[in-house]
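First the structure, in the form of structure tokens, and then the observations on it.
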Amino acid sequence: MSLALARKYRPATFDDLIGQEAVSQTLSLALDGDRLSHAYLFSGLRGSGKTSTARIFAKALLCEKGTTSHPCGTCSHCVMATEGNHLDIIEMDAASNRGIDDIKDLIEHTKYKPSSARFKIFIIDEVHMLTNQAFNALLKTLEEPPDFVKFILATTDPLKLPATILSRTQHFRFKKIPQTLVLNHLEHILNLENIGFEKEALEILARSGAGSLRDSLTLTDQAIVYSKNFVDLATVTGMLGIIEPSHLEALLAAIMAKDTSKILDFIALSREYEAEMILDELTLYLKDILLQGSPTISPMIIERFFRVIAESKTLLALGSDGEFVLSLALFKMMESLEIKNIDAMIKSLENELKGVEISETSTPIVQTDVVLPTEVITITEDEIMSTPPLSKDESPTKTEAPQAEKKEEQETTTTTPKQIIPNEIQTENETQTQTEPVVEKINHYQKTFDTLVQKIYDRDYDLGTCFERNIHFKHFEDNKLTWESQAEDEDKKTLITHWGVINMFVKECFGLETKIVNIPKKKVVDSPTPSENPDTNKEKPTEINQAPHSDADTSSMLEDIEMKSSCIAPDAGDSEAAKEKDPSTLLEEPMVKEAIALFDPKKVRIKRNS
């Protein structure tokens with residue numbers, strides 16, 4: 001009688017097991033060393049040899065020569081075990097005998113000694129199908145069975161077993177059988193059967209088994225019948241309904257060559273097959289190319305192709321049209337070739353930068369129309385820090401000798417930093433002052449400042465009106481924007497409230513590194529009448545230009561808000577701080593000390609308010 005290959009060539013000894021060396025070696029050593037357990041659990045993929053191993057192990061336990069890893073195969077016990085009719089080997093299918101009553105019958109059998117053999121062996125296949133009540137009934141017997149009872153449990157899903165069952169057994173895990181071992185075993189069997197074959201066809205059969213030797217043997221049986229005793233590539237691909245590797249090779253060549261017409265021809269050919277199958281076969285083919293190290297397709301390109309295939313399989317899972325998804329995937333694979341790799345981008349950048357000198361700073365150099373003086377003018381450090389450079393026409397009418405300047409630097413007069421007047425020139429006795437007007441130059445950053453004003457207008461019309469009315473552009477250099485502010489009362493509060501918006505637009509127009517230098521400019525105050533102020537001989541200036549200070553890192557644009565607790569607030573009321581202070585003690589005031597430490601001025605002058 002003809003038998004299926006899977007049954008005809010079932011392993012009869014531990015040496016015949018394919019791909020399960022760890023399991024066969026452990027069981028063999030346990031048999032030879034007489035270190036046996038009362039319960040074993042075999043788990044793994046279908047067709048990986050669990051049931052065959054259980055039968056071999058049972059035969060090894062019952063052989064007349066004793067427990068050995070190599071049973072004789074000729075004694076009565078070995079013959080009956082091989083034929084499957086031994087009375088002391090009880091095989092039970094838990095899928096059809098899964099209830100508590102079936103387990104009660106099994107437990108009842110464990111009470112009786114074996115009829116003729118050394119042990120009574122219970123093989124329970126697909127044990128995960130038992131009910132919870134059946135598992136609970138089996139627990140006590142499985143934990144402490146009689147000495148002559150051995151349990152061998154087999155399952156494809158060990159995760160469904162209770163932890164109490166797992167803890168009472170020795171667990172052996174059967175792994176997937178490698179494709180190379182399956183291929184060698186198929187070649188061996190077909191040679192024994194005197195059947196011709198093509199190795200490429202057997203590779204497809206071994207791969208289709210997905211690690212199950214029984215599945216591969218079943219497909220081989222089918223291929224033998226379909227191919228009339230010659231297993232070739234065309235027969236196997238036609239039988240399994242998969243596309244031939246030669247078509248995939250031509251497809252990838254067309255994609256690499258960006259031959260649209262050949263890709264369309266393949267799409268027309270693929271209507272006979274399932275789109276998902278083609279994508280799977282294409283993935284396997286790309287895997288083979290990667291492992292073979294083909295120079296035609298780089299790993300980076302293979303990775304892009306795989307991403308496209310994975311996305312296409314997601315679309316198929318949503319129920320999309322298979323032919324359309326396949327067409328889209330193939331054209332996306334062709335388009336992915338346009339993406340440059342990192343090495344090509346680096347080389348291209350290096351070629352572009354050849355001969356180009358890159359400066360260390362990226363600050364733009366702005367050339368302004370400055371008229372250089374015809375003669376060298378020597379100025380002091382104080383003049384550089386406090387007075388902007390003046391053109392020849394704007395030079396002061398009175399000049400001082402260098403000796404007088406040095407003498408003036410050594411003087412220790414005091415005043416607060418905010419009261420320094422940069423355009424003030426003093427004589428030797430410091431009794432007269434003269435303020436020279438500074439002619440504003442036309443700055444090419446004025447247009448940028450106008451853009452800033454327009455942006456503020458676009459954001460808030462009222463804020464833009466207030467800003468344009470009170471803020472006047474002076475100049476911009478070294479990432480410092482200098483302006484004058486005449487804001488008072490409500491306008492001042494409005495600008496302070498919306499300072500965040502103004503600062504944002506300043507950095508947007510002038511750059512992120514821009515710092516703001518604000519020069520408060522008070523409006524003209526009418527001089528009092530002689531009756532109101534008897535000090536009529538004192539000259540009161542109409543405008544006071546305070547020294548600029550940087551407030552780019554603060555949350556407010558105007559930091560000179562008068563506080564009643566301040567020693568320099570003249571309108572503080574009747575508070576102690578409002579009283580007139582002795583000029584000799586002003587330097588000891590905490591706020592003045594902080595200001596001096598902050599601004600580090602070269603000279604500090606104390607000036608009495610009129």
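The residues of the chain are indexed from 1 along the displayed sequence.
- For the pair Lys150 (side chain) and Ala39 (backbone), a donor-acceptor distance under 3.5 Å is absent.
- Rounded to the nearest 0.5 Å, atoms CG (Leu279) and CG (Leu315) are 10.0 Å apart.
- Side-chain polar atoms of Ser52 and Arg10 form a donor-acceptor pair below 3.5 angstrom.
- When side chains are defined from C-beta on, Arg173 does not count as touching Pro158, because their heavy atoms never get closer than 4.5 Å.
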Practice task
Report the C-alpha distance between Phe172 and Leu27 in whole Å, list the side-chain angles of each, state the deciding distance to 0.1 Å, and finish with yes or no for side chain to side chain contact (heavy atoms under 4.5 Å, CB included).
Solution key: CA-CA 10 Å; Phe172 290 84; Leu27 293 177; 3.7 Å; yes

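- Proximity of Phe230 to Ile224: side-chain heavy atoms (C-beta onward) are nowhere separated by under 4.5 Å.
- In terms of modelled atom types and a separation under 3.5 Å, the side chain of Lys507 and the main chain of Ile502 share no donor-acceptor contact.
- Other residues, nucleotides and ligands contribute over 12 non-hydrogen atoms within 6.0 Å of the OH atom of Tyr285.
- Residue Asp147 qualifies as open at atom CG: its count of foreign heavy atoms under 6.0 Å is 12 or below.
- Here the CZ-CD distance, from Phe306 to Glu311, works out to 10.5 Å after rounding to the nearest 0.5 Å.
- To the nearest 0.5 Å, atom CG of residue Asp105 and atom CD1 of residue Ile90 are 11.0 Å apart.
- Stacking of Lys50 on the aromatic ring of Phe42 is not recorded, the 6.0 Å distance cut-off and the 45° axial limit not both being met.
- Counting only distance, with no hydrogens or angles, the side chain of Thr131 and the backbone of Ala134 share a donor-acceptor pair below 3.5 Å.
- Side-chain contact between Ser116 and Asp88 is present, with heavy atoms from C-beta onward closer than 4.5 Å.
- Side-chain N or O atoms of Arg168 include none that pairs as donor or acceptor with a backbone N or O of Leu142 at under 3.5 Å.
- Considering every non-hydrogen atom in both Arg118 and Glu64, the closest pair reads NH2-O, 4.2 Å.
- Contact check on Lys160 versus Glu126 returns no salt bridge, with no Lys/Arg side-chain nitrogen under 4.0 Å from an Asp/Glu carboxylate oxygen.
- Under a cut-off of 6.0 angstrom, the local environment of CD in Glu276 is sparse, with at most 12 non-hydrogen atoms contributed by other residues, nucleotides or ligands.
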Exercise for the section: With side chain to side chain contact (heavy atoms under 4.5 Å, CB included) as the test, would you mind laying out the steps for Ile124 and Ile152 before giving the verdict? Expected result: CA-CA 6 Å; Ile124 305 177; Ile152 303 177; over 6 Å; no

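- By the 4.0 Å N-to-carboxylate-O rule, Glu91 lies close enough to Arg55 to be salt-bridged with it.
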Practice task
Test Glu193 against Lys8 for salt bridge (charged side-chain N to carboxylate O under 4.0 Å, His left out), laying out the working first.
Solution key: CA-CA 11 Å; Glu193 294 288 327; Lys8 185 176 180 180; 3.0 Å; yes

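- Heavy-atom contacts from other residues, nucleotides or ligands closer than 6.0 Å to NE2 of His171 number more than 12.
- Side-chain contact between Met92 and Leu106: present, with at least one pair of heavy atoms (C-beta onward) separated by less than 4.5 Å.
- If you check the side chains of Asn479 and Thr514, you find no donor sitting under 3.5 Å from an acceptor.
- Atom CD1 of Ile177 sits about 9.0 Å away from atom CG of Leu17, to the nearest 0.5 Å.
- Here the closest heavy-atom approach between residue Leu326 and residue Ser270 is recorded as CD2-OG, 3.4 Å.
- Closest approach of Phe505 to Ile456, counting heavy atoms only: CD1-CG1, 4.0 Å.
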Problem - Step-by-step side chain to side chain contact (heavy atoms under 4.5 Å, CB included) determination, Thr451 to Phe510 - result: CA-CA 10 Å; Thr451 304; Phe510 288 89; over 6 Å; no

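- The backbone N or O of Ser336 lies less than 3.5 Å from a partner atom in the side chain of Arg304, making a donor-acceptor pair.
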Exercise for the section: Might you work through the side chain to side chain contact (heavy atoms under 4.5 Å, CB included) test for Asp221 and Thr218, ending with a clear yes or no? Expected result: CA-CA 5 Å; Asp221 256 334; Thr218 302; 5.6 Å; no

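- Counting only N and O atoms by type, the side chains of Asp259 and Ser261 include a donor and acceptor under 3.5 Å apart.
- The two atoms that bring Ala117 and Leu62 nearest to each other are CB-CD2, 3.5 Å, heavy atoms only.
- Side-chain contact between Asp280 and Lys313 is present, with heavy atoms from C-beta onward closer than 4.5 Å.
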Practice task
For Phe122 and Phe151, run ring-ring contact (aromatic ring centres under 6.0 Å, His included): C-alpha distance rounded to whole Å, both residues' side-chain angles, the deciding distance at 0.1 Å, then the answer.
Solution key: CA-CA 5 Å; Phe122 294 89; Phe151 285 99; 5.5 Å; yes

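- Within the 3.5 Å criterion, the main-chain N or O of Arg46 finds a donor-acceptor partner in the side chain of Ser212.
- Residue Gln170 places its CD atom among more than 12 non-hydrogen atoms of other residues, nucleotides or ligands, all under 6.0 Å distant.
- For Lys175 against Ser48, the heavy-atom pair with the smallest separation is O-CB, 4.0 Å.
- At distances below 3.5 Å, not a single donor-acceptor pair connects side-chain atoms of His185 with backbone N or O atoms of Leu213.
- Checked by atom type, the side-chain pair Thr235/Asp232 shows a donor-acceptor distance below 3.5 Å.
- Here CG of Leu186 is found 9.5 Å from CG of Leu219. Values are rounded to the nearest 0.5 Å.
- The shortest non-hydrogen separation linking Cys63 to Cys75 is SG-SG, 4.0 Å.
- Between Leu282 and Ile309 there is a side-chain heavy-atom pair separated by less than 4.5 Å.
- Under 4.0 Å is where a charged nitrogen must lie from a carboxylate oxygen, and between Lys104 and Glu108 no such pair does.
- Using modelled atom types, no side-chain atom of Thr141 and backbone atom of Ala137 make a donor-acceptor pair closer than 3.5 Å.
- Between Arg35 and Leu29 the shortest side-chain heavy-atom distance does not fall below 4.5 Å.
- To the nearest 0.5 Å, atoms CG (Leu481) and OG1 (Thr448) are separated by 10.0 Å.
- In terms of modelled atom types and a separation under 3.5 Å, the side chain of Ser24 and the main chain of Glu21 share a donor-acceptor contact.
- Phe119 places a side-chain heavy atom less than 4.5 Å from the side chain of Thr67.
- Taking a 6.0 Å sphere around CD of Glu513, one finds it holds 12 or fewer heavy atoms contributed by other residues, nucleotides or ligands.
- The 12-atom threshold is not exceeded at NZ of Lys262, counting heavy atoms of other residues, nucleotides or ligands nearer than 6.0 Å.
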Exercise for the section: Apply the test salt bridge (charged side-chain N to carboxylate O under 4.0 Å, His left out) to residues Arg207 and Glu281: give CA-CA distance (whole Å), side-chain angles for both, the deciding distance (0.1 Å), then the verdict. Expected result: CA-CA 11 Å; Arg207 189 186 67 197; Glu281 291 296 318; 2.7 Å; yes

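- For the residue pair Asp288/Gln292, the side-chain donor-acceptor check at 3.5 Å is not satisfied.
- Put simply, the side chain of Glu198 gets close to the backbone of Leu233: a donor and an acceptor are under 3.5 Å apart.
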